[in-house]
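Since the structure comes first, as structure tokens, the remarks are kept for the end.
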Amino acid sequence: SQTIHQWPATLVQPVGSPLSLECTVEGTSNPNLYWYRQAAGRGLQLLFYSVGIGQISSEVPQNLSASRPQDRQFILSSKKLLLSDSGFYLCAWSMATVSNQPQHFGDGTRLSIL
Amino acid sequence: EDQVTQSPEALRLQEGESSSLNCSYTVSGLRGLFWYRQDPGKGPEFLFTLYSAGEEKEKERLKATLTKKESFLHITAPKPEDSATYLCAVLGGSNYKLTFGKGTLLTVNP
């Protein structure tokens with residue numbers, strides 16, 4: 001069976017510091033990968049998605065970036081965090097063979113910016 | 001732009017008291033409607049996918065239905081462990097973007 005791992009679970013960072021969140025998927029190959037942000041009182045917002053190694057699409061202009069160095073690894077980064085980057089960050093995967101398959105989520109990273 | 005509206009925002013039930021959650025949507029070319037359950041501090045857990053009007057799916061005390069404008073999540077004889085936020089999302093057009101509603105917070109009291 002497939003599993004998805006995200007770390008760290010919680011993170012407290014000062015404004016202006018860098019960020020790296022990691023997500024890995026096990027039990028499947030060539031998955032579609034996604035980064036979402038969930039803010040209080042708002043729905044999940046898609047930040048990035050990837051349909052293959054080195055293929056990243058951005059949905060929202062921001063100071064965040066994403067990379068996919070390996071087939072089942074997805075990384076969310078920032079060079080300088082802003083207060084507005086606080087939130088709950090979720091990684092998800094879906095089967096790549098059929099485009100309307102459900103997305104499956106990890107347990108998220110709670111990011112607090114001080 | 002795809003839109004999803006969920007109602008009510010919060011629902012409090014007594015154990016055994018059946019009810020329904022609503023998800024209204026507007027989408028260009030529905031390719032799938034998805035229901036998720038989210039517990040506090042956790043990621044959403046996939047429940048159902050519905051692909052066309054008239055389709056129904058069931059799992060334990062939950063039943064999801066779909067029309068051309070909305071979906072319902074029916075909860076029959078709920079238990080306290082059914083307490084969670086239930087999220088609805090749609091996939092439309094030709095991309096991979098799920099559009100989520102803000103969710104319904106369900107509380108089931110013993």
Between atom [atom1] of [X] and atom [atom2] of [Y], what is the distance when rounded to the nearest 0.5 Å?
| X | Y | atom1 | atom2 | value |
| --- | --- | --- | --- | --- |
| Gln45(A) | Leu98(B) | CD | CG | 13.5 Å |
| Ser57(A) | Tyr96(B) | OG | OH | 9.0 Å |
| Thr85(B) | Gln38(A) | OG1 | CD | 8.5 Å |

Whether over 12 other heavy atoms sit under 6.0 Å from [X] [atom1]:
| X | atom1 | answer |
| --- | --- | --- |
| Glu9(B) | CD | no |
| Arg61(B) | CZ | yes |
| Gln73(A) | CD | yes |

With a strict 4.5 Å heavy-atom criterion, list every residue of residues 5-27 of chain A that contacts chain B, or say none.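 From residues 5-27 of chain A, none sit under 4.5 Å of chain B.
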Positions in residues 102-114 of chain A that reach chain B, provided some heavy atom is under 4.5 Å away: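 The residues closer than 4.5 Å to chain B, in numerical order, are Pro102(A), Gln103(A), His104(A), Phe105(A), Gly106(A), Asp107(A).
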Relative to chain A, which segment of Tyr36(B) carries a heavy atom at a distance below 4.5 Å: side chain, backbone, both, or neither? side chain
Checking Leu91(B) against chain A: side chain, backbone, both or neither under 4.5 Å from a heavy atom? side chain
Quick one: sort the Tyr36(A) and Phe100(B) rings into parallel, tilted or perpendicular, breaks at 30° and 60°. perpendicular
Over all atoms of both residues, closest heavy-atom pair of Phe88(A) and Gln38(B):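 Minimum heavy-atom contact is CE2-NE2, 3.9 Å.
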Looking only at non-hydrogen atoms, find the nearest pair between Tyr51(B) and Asn100(A) and report the distance. OH-O, 3.2 Å
Under a 4.5 Å heavy-atom cut-off, does chain B meet the side chain of Gln101(A), its backbone, both or neither?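 Answer is both: backbone and side chain atoms of Gln101(A) are under 4.5 Å from chain B.
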Based on non-hydrogen pairs under 4.5 Å, which of Ile4(A), Leu90(A), Leu44(A) is most in contact with chain B?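 Option with the greatest count: Leu44(A).
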